Amino acid sequence: MAVGEEKIAKNRIITDRFLDVMYHLIGKRVIRNKKEFAEAVGLASSNLYRMELEKSMNVPLYAIENAYHEFGTNPIYIITGEGEMIINR
């Protein structure tokens with residue numbers, strides 16, 4: 001795998017983990033829906049759609065940071081896959 005392809009693959013994995021966190025929060029009823037999540041982390045609903053269905057956009061760092069501040073999500077989990085999805089604070 002070329003360096004550029006490897007970077008794209010890693011970014012996609014990070015984005016997929018970010019989306020998994022969103023599904024987890026919906027499942028736990030911390031948030032009602034995807035639109036509420038998108039607004040809380042500073043994303044337009046259309047950008048969330050592009051990440052989720054079109055797979056044409058990767059999660060921006062500010063959204064990972066905002067998810068941490070709003071919901072106590074673990075940025076280390078989102079980036080590396082290590083640790084718990086949610087940090088108890």
Side-chain angles (χ1 to χ4, degrees):
M1 182 180 292
V3 174
E5 291 173 351
E6 184 176 320
K7 192 174 185 181
I8 290 169
K10 283 183 180 180
N11 285 339
R12 188 68 239 166
I13 291 167
I14 292 168
T15 298
D16 287 344
R17 282 193 205 107
F18 180 78
L19 294 171
D20 287 344
V21 166
M22 176 187 70
Y23 303 137
H24 175 79
L25 293 172
I26 292 171
K28 293 289 185 180
R29 298 181 195 245
V30 174
I31 54 173
R32 291 182 303 247
N33 53 46
K34 296 172 189 179
K35 182 179 180 192
E36 182 180 341
F37 180 77
E39 290 173 357
V41 300
L43 289 171
S45 295
S46 60
N47 286 342
L48 188 60
Y49 175 86
R50 289 175 58 208
M51 281 190 280
E52 184 181 25
L53 299 175
E54 292 179 1
K55 301 193 184 306
S56 63
M57 180 179 170
N58 291 315
V59 62
L61 287 176
Y62 70 82
I64 294 172
E65 182 180 6
N66 289 345
Y68 165 73
H69 290 294
E70 289 291 321
F71 304 110
T73 60
N74 184 353
I76 301 300
Y77 169 80
I78 293 171
I79 294 168
T80 68
E82 298 173 7
E84 298 296 319
M85 188 180 286
I86 306 295
I87 299 171
N88 293 327
R89 344 185 248 162

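Because only heavy atoms are used, hydrogens play no part in the values below, and waters and symmetry mates are left out as well, while side chains stay in. In this text the structure is predicted, and so the values were computed from the model without any measurement. Here, residue 1 is the first one in the sequence, and each next residue gets the next number.
Residues Leu19 and Met57 fall within the same hydrophobic cluster, defined by Ile, Leu, Val, Met, Phe, Trp and Tyr side chains chained together at heavy-atom separations under 4.5 Å. A chain of hydrophobic side-chain contacts below 4.5 Å, direct or via other Ile, Leu, Val, Met, Phe, Trp or Tyr residues, connects Val30 to Met85. Hydrophobic clustering (ILVMFWY, side-chain heavy atoms < 4.5 Å, transitive): Ile76 and Phe18 are in distinct clusters.
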Atom pairs and distances, side-chain donor-acceptor, residues 20-29, under 3.5 Å, sequence neighbours left out:
{"unit_1": "Tyr23", "atom_1": "OH", "unit_2": "Glu52", "atom_2": "OE2", "d": "2.6"}

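Dense packing is recorded around CD of Glu54, with more than 12 heavy atoms of other residues, nucleotides or ligands lying under 6.0 Å away.
Annotation: the span from Ile78 atom CD1 to Asp16 atom CG amounts to 12.0 Å, rounded to 0.5 Å. Atom CG of Asn66 and atom CG of Leu61 lie 11.0 Å apart (nearest 0.5 Å). Considering CD1 of Ile79 and CD1 of Ile13, their distance stands at 13.5 Å, rounded to 0.5 Å. Here Glu70 contributes atom CD and Glu65 contributes atom CD; the two are 11.0 Å apart, rounded to the nearest 0.5 Å. One finds the CD1 atom of Ile87 at 5.5 Å from the OH atom of Tyr68 (value rounded to the nearest 0.5 Å).
Considering only residues two or more places apart in sequence or on other chains, Lys55 meets the salt bridge (Lys or Arg N to Asp or Glu O under 4.0 Å) condition with none of them. Take Ala38 and apply the side-chain contact (heavy atoms from CB on, under 4.5 Å) test, not counting sequence neighbours, and it matches Leu43, Ser45, Leu48. Partners of Ser46 by side-chain contact (heavy atoms from CB on, under 4.5 Å), not counting sequence neighbours, listed by chain and number: Ala44. Here Glu36 pairs with Arg32 under the salt bridge (Lys or Arg N to Asp or Glu O under 4.0 Å) rule; sequence neighbours left out.
Heavy-atom minimum distance, Gly42 versus Tyr62: O-CE1, 3.3 Å. Of all heavy-atom pairs spanning Phe71 and Ala40, the tightest one is CZ-CB, 3.5 Å.
Side-chain contacts under 4.5 Å among hydrophobic residues (ILVMFWY), followed directly or transitively, place Tyr49 together with Leu53.
Using a 4.5 Å heavy-atom threshold, the side chains of Ile14 and Asn58 count as separate. Side-chain contact between Glu5 and Ile8: absent, with no pair of heavy atoms (C-beta onward) separated by less than 4.5 Å.
In this structure a side-chain-to-backbone donor-acceptor pair under 3.5 Å is missing from Thr73 to Ile86.
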